[in-house]
Amino acid sequence: MTAPRQDPLRDPRFFADPYPTYDRLREGCPVRRIPTGSGGHQAYLITGHAEAREAFTDPRLSKDTARFFADRPSNRDLHPAISRNMLASDPPAHTRHRRVATRLFTTGRVRELRPFITHVVDGLMGSWRPGAEVDLVADLAVPLPVTVVCELLGVPEPDRATLAARSHELFDATDTDRVDAASHHIGDYLTHLVDTARATPGDGPLHSLLRDCEEGGLDREETVSLAALLLVAGHETTTHFIGNAALALLRHPAAFDRLRRDPDLIPGALDELLRFDSPVSVATFRHSTEDLSIGGIDVPAGFPVLIAPGAANRDPRAFPDPHRLDLDRDAGGHLSFGHGIHRCPGAPLARAEAEIALRALLTRFPNTRLAAPEAPPTWRHTRLTRGLTTLPLTLA
């Protein structure tokens, strides 16, 4: 197994289209060591579906980032609410956090939110008219999940745009100082928000969250970290889910037409859309706590391990002809929401938002097309998530 000489996940060609890189790496070996960044560090990258599922459930792969970096020098300055959240912890701390987070996204609670989500979509699309050009990302995919999660957190409307922009900056792989600064803006803001709500009796959404946190045994700092996770993870990936799904459908007219003629098929199509172009390209940080084997490949203790759902979802061993969008495919085994104890608890809400947004687009503007079909789409330059910066559409 020959390791690449440079980090293959930082190549500009990877950001434009990661799938040729993922195919090449997977065909060589679905678990392989790669260089990461420019400091001579290395990690193990998992691109196979079976291997990714195995890794997601292996307790010897820890998500406790504080443990990994405890004896390693670092010039990073992330706010604790960002660096020590549920995604950066193991049981039993993770179990307490997840128990609270899961309550927020039960089937019943998401069902109660659907009228509000529909109301937000109606408002965002209220000024859209046939013949007009809109940017689906800026005009719908970004503000919809931001508005929903800010409503859950009780964030005042005037603060939402700035908070969303800082959240967006957390995924800037090219500027760590900018990421750190954004983390402090979010952490400080949410600390003030939580402290104010704790000191003021009320029955709004944030007070409901605070009661859930108190009943779940979370202290003040843990409550702030959960709020930060809901804000960041609760809208960034959903934005990309909506944008990637819309682009896939517009590039596949037969699939678009099928859902346009029968919008009730949209919920069943979401798994294939998530599989085809996952909003999560590489899962968040894990590291090996002891020597172990994944897919028959030895991974020494003390190494970062990167699991790539974007690659696993295009593994031909799991999904034949994986580069073809097939709405009849059984894609329920996709890994876009992760797998195991760290599977995204907000998946039901993300699916509801994407379903309602896509249904509105296909039913109100059934002949919508790409405004510049020959122009290559522009993508975010981050290896963690895969999402568009813009998606200009001509409504019809």
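Heavy atoms only: backbone and side chains are in, while hydrogens, waters and symmetry mates are out.
Annotation: side chain of L163 is in contact with side chain of V155 (closest heavy-atom distance under 4.5 Å). Two residues are said to be in side-chain contact when any heavy atoms from C-beta on lie closer than 4.5 Å; R275 and P322 meet this criterion. A 4.5 Å side-chain heavy-atom check between T47 and R32 finds every atom pair outside the cut-off. Contact annotation: the side chain of L153 never approaches that of P205 to less than 4.5 Å [non-hydrogen atoms, C-beta and beyond]. Counting heavy atoms from C-beta on, the side chains of L306 and Y44 never come closer than 4.5 Å. The side-chain heavy atoms of T390 and T378, taken from C-beta on, include a pair separated by under 4.5 Å. Using a 4.5 Å heavy-atom cutoff, the side chains of F56 and H342 are not in contact. Under the 4.5 Å side-chain criterion, counting only non-hydrogen atoms from C-beta, L152 is not in contact with L209.
Under the 4.5 Å side-chain heavy-atom criterion for grouping Ile, Leu, Val, Met, Phe, Trp and Tyr, L230 is not connected to I341 through any hydrophobic cluster. V280 and I46 are not part of a single hydrophobic cluster, where members link through side-chain heavy atoms under 4.5 Å apart. Taken together through direct or relayed side-chain contacts under 4.5 Å among Ile, Leu, Val, Met, Phe, Trp and Tyr, L136 and F276 form part of one hydrophobic cluster.
E222 contributes a side-chain N or O that, together with a main-chain N or O of D219, makes up a donor-acceptor pair within less than 3.5 Å. Listed for the T106 side chain is no donor-acceptor partner under 3.5 Å among the backbone atoms of T102. No donor-acceptor distance shorter than 3.5 angstrom exists from the side chain of H185 to the backbone of T162, with no hydrogens or angles considered. Checked by atom type and distance alone, the side chain of D330 pairs as donor or acceptor with a backbone atom of G332 at under 3.5 Å. A donor-acceptor pair under 3.5 Å links the side-chain atoms of H49 to the main chain of G333, judged by distance alone. The backbone N or O of D64 sits less than 3.5 Å from a side-chain atom of H287, completing a donor-acceptor pair. Within the 3.5 Å criterion, the main-chain N or O of P300 finds a donor-acceptor partner in the side chain of S288.
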Original post:
For L259 and L358, what are the C-alpha separation, side-chain angles and deciding distance, and is it a side-chain contact (heavy atoms from CB on, under 4.5 Å)?
Top reply: CA-CA 9 Å; L259 298 185; L358 292 174; over 6 Å; no

Subject >> Trace of the side-chain contact (heavy atoms from CB on, under 4.5 Å) decision for N244 with L273 >> reply: CA-CA 8 Å; N244 295 3; L273 291 166; over 6 Å; no

**OP:** Could you give me the CA-CA distance, side-chain angles and deciding distance for S208 and D203, then say whether side-chain contact (heavy atoms from CB on, under 4.5 Å) is met?
**Re:** CA-CA 7 Å; S208 176; D203 57 0; over 6 Å; no

Original post:
What's the verdict on side-chain contact (heavy atoms from CB on, under 4.5 Å) for W128 and D139, showing C-alpha distance, side-chain angles and the deciding distance?
Top reply: CA-CA 10 Å; W128 293 15; D139 298 335; 3.8 Å; yes

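Looking at D257 and R261, a side-chain N of the basic residue comes within less than 4.0 Å of a carboxylate O on the acidic one, giving a salt bridge. Using a 4.0 Å cut-off between charged nitrogen and carboxylate oxygen, R359 and D264 count as a salt-bridge pair. Using a 4.0 Å cut-off between a side-chain N of Lys or Arg and a carboxylate O of Asp or Glu, R166 and D159 do not qualify as a salt bridge. A salt bridge links R364 with D122; the closest basic N to acidic carboxylate O contact falls under 4.0 Å. A salt bridge links D195 with R220; the closest basic N to acidic carboxylate O contact falls under 4.0 Å. Under the 4.0 Å criterion applied to side-chain N and carboxylate O atoms, E272 and R324 are not assigned as salt-bridge partners.
The nearest pair of heavy atoms linking E54 to I294 is OE2-CA, 3.6 Å. The heavy-atom pair separating I82 from A228 by the smallest distance is CD1-CB, 3.9 Å. When all heavy atoms are compared, the tightest approach of P377 to R251 is CD-NH2, 3.1 Å. Smallest separation of non-hydrogen atoms from P279 and H240: CB-CB, 3.7 Å. Taking both residues in full, the closest heavy atoms of P201 and A199 are given as CD-O, 3.9 Å, listed atom of the first, atom of the second, then distance. Scanning all heavy atoms of the two residues, the minimum distance from T65 to A88 falls at OG1-CB, 3.5 Å.
A side-chain N or O of S62 and one of D90 form a donor-acceptor pair less than 3.5 Å apart. A donor atom on one side chain and an acceptor atom on the other are found under 3.5 Å apart for R380 and H168.
The hydrophobic cluster containing L229, built from Ile/Leu/Val/Met/Phe/Trp/Tyr side-chain heavy atoms closer than 4.5 Å, also comprises M86, L87.
Evaluation of the salt bridge (charged side-chain N to carboxylate O under 4.0 Å, His left out) rule for R109 yields D212 as partners, not counting sequence neighbours. The side-chain hydrogen bond (donor to acceptor under 3.5 Å, both in side chains) search around R286 returns none, not counting sequence neighbours.
Ring centers of H334 and F319: at least 6.0 Å apart, outside the cut-off.
With rounding to the nearest 0.5 Å, the separation of CG in L391 from CG in L250 is 6.5 Å. Atoms CG and CG, on L170 and D180 in that order, are 9.0 Å from each other to the nearest 0.5 Å. In this structure, F365 CZ and R260 CZ are separated by 14.5 Å, a value rounded to the nearest 0.5 Å. Going from atom OG1 of T176 over to atom CG of D77 covers 10.5 Å, rounded to the nearest 0.5 Å.
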Distance-only check: which donor-acceptor pairs under 3.5 Å involve side-chain atoms of residues 12-21, not counting sequence neighbours?
{"unit_1": "R13", "atom_1": "NE", "unit_2": "D11", "atom_2": "OD1", "d": "3.2"}
{"unit_1": "R13", "atom_1": "NE", "unit_2": "D11", "atom_2": "OD2", "d": "3.2"}
{"unit_1": "R13", "atom_1": "NH2", "unit_2": "D11", "atom_2": "OD2", "d": "2.7"}
{"unit_1": "D17", "atom_1": "OD1", "unit_2": "Y19", "atom_2": "N", "d": "3.2"}
{"unit_1": "Y19", "atom_1": "OH", "unit_2": "D277", "atom_2": "OD1", "d": "2.6"}

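Applying the ring-ring contact (aromatic ring centres under 6.0 Å, His included) test to every pair with at least one member in residues 205-238, sequence neighbours left out, gives no pairs at all. A side chain to side chain donor-acceptor pair (under 3.5 Å) check over residues 302-320, counting only residues at least two apart or in different chains, returns the pairs E51-R317, N313-S336, R314-H323, D315-R317.
Ring geometry for H119 against F116 counts as tilted: the plane angle lies between 30° and 60°, on a 0 to 90° scale.
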